[in-house]
Amino acid sequence: VPFALDVERGKILEFATATKSTHPAHFEGHHPVCPPTFLTTAFFWETRVPGSNPWEKVKMDPKRGMHAEQEFVFHGPPPRAGTRLIGTSRIEKIFGQDSARLR
């Protein structure tokens with residue numbers, strides 16, 4: 001299920017500051033460019049749209065999961081403040097270990 005992520009100037013500035021970015025493009029003007037890792041905040045937006053979070057469909061406690069890889073695909077230049085992105089999340093593969101090996 002698609003969800004919208006509104007790229008906001010204040011959130012870009014907060015995120016860039018929190019991640020210790022020094023790139024001027026993340027701080028200057030009314031429409032700064034978001035840092036590439038800013039798109040991880042999509043998680044907060046997808047949880048607001050029922051059916052958008054793919055973990056709801058997986059029979060596993062998310063606390064027991066380990067994040068291995070994320071990929072963001074968008075076409076064109078990096079998003080700037082004022083942009084509305086439409087995203088979808090998916091889980092491509094789930095790997096597990098034999099529980100007997102964990103003992």
Side-chain angles (χ1 to χ4, degrees):
V1 175
F3 62 93
L5 187 161
D6 292 313
V7 182
E8 302 171 30
R9 181 177 181 266
K11 293 301 178 185
I12 290 174
L13 299 176
E14 291 171 4
F15 190 88
T17 300
T19 57
K20 301 187 185 305
S21 172
T22 58
H23 198 293
H26 301 154
F27 297 96
E28 295 175 349
H30 293 291
H31 302 285
V33 175
C34 68
T37 54
F38 177 81
L39 297 177
T40 61
T41 65
F43 172 77
F44 297 109
W45 292 91
E46 77 180 355
T47 58
R48 301 180 60 82
V49 176
S52 288
N53 185 345
W55 281 104
E56 295 171 354
K57 299 175 182 107
V58 177
K59 305 289 187 238
M60 184 181 97
D61 182 351
K63 294 177 200 163
R64 296 186 49 84
M66 182 173 136
H67 182 284
E69 182 179 333
Q70 264 183 324
E71 178 180 41
F72 299 94
V73 177
F74 55 93
H75 306 279
R80 292 182 168 273
T83 303
R84 170 171 268 200
L85 301 174
I86 304 298
T88 55
S89 290
R90 68 183 169 88
I91 298 171
E92 186 171 310
K93 295 178 185 175
I94 296 177
F95 298 93
Q97 291 183 332
D98 181 354
S99 59
R101 291 178 49 199
L102 299 175
R103 293 184 193 156

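Values in this document were obtained by computation on a predicted structure and should not be read as measured data. Note that these values count all heavy atoms, side chains included, but never hydrogens, waters or copies made by symmetry.
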Grouping ILVMFWY residues whenever side-chain heavy atoms fall under 4.5 Å, the cluster of Val33 otherwise contains none
Residues Ala81 and Glu8: closest non-hydrogen pair is CB-C, 4.2 Å
Is the backbone N or O of Pro2 less than 3.5 Å from a side-chain atom of Thr88, with the two atoms forming a donor-acceptor pair by type?
no
Distance col, row Phe27:CZ vs Ile12:CD1, nearest 0.5 angstrom, shows 10.5 Å
So salt bridge (charged side-chain N to carboxylate O under 4.0 Å, His left out) across residues 31-40, not counting sequence neighbours, yields none
The complete set of salt bridge (charged side-chain N to carboxylate O under 4.0 Å, His left out) pairs with one or both residues in residues 72-85, sequence neighbours excluded, reads Asp6-Arg84
Joining Ile, Leu, Val, Met, Phe, Trp and Tyr whenever any side-chain heavy atoms lie under 4.5 Å apart, the cluster holding Ile86 also takes in none
Report, one line per pair, each donor and acceptor closer than 3.5 Å where one atom sits in a side chain of residues 37-48; sequence neighbours left out.
residue	atom	partner	partner atom	Å
Thr40	OG1	Thr37	O	2.8
Thr41	OG1	Phe38	O	2.8
Glu46	OE1	Ser89	OG	2.3
Thr47	OG1	Phe43	O	3.4
Thr47	OG1	Phe44	O	3.1

Residues 10-21 vs side chain to side chain donor-acceptor pair (under 3.5 Å), sequence neighbours excluded, gives Lys11-Glu14, Ser21-His26
* State, with a plain yes or no, whether a side-chain heavy atom of Pro35 is found less than 4.5 Å away from one of Phe15. => yes
Correct closest heavy-atom pair for Pro79 and Leu85 would be CG-CD1, 3.9 Å
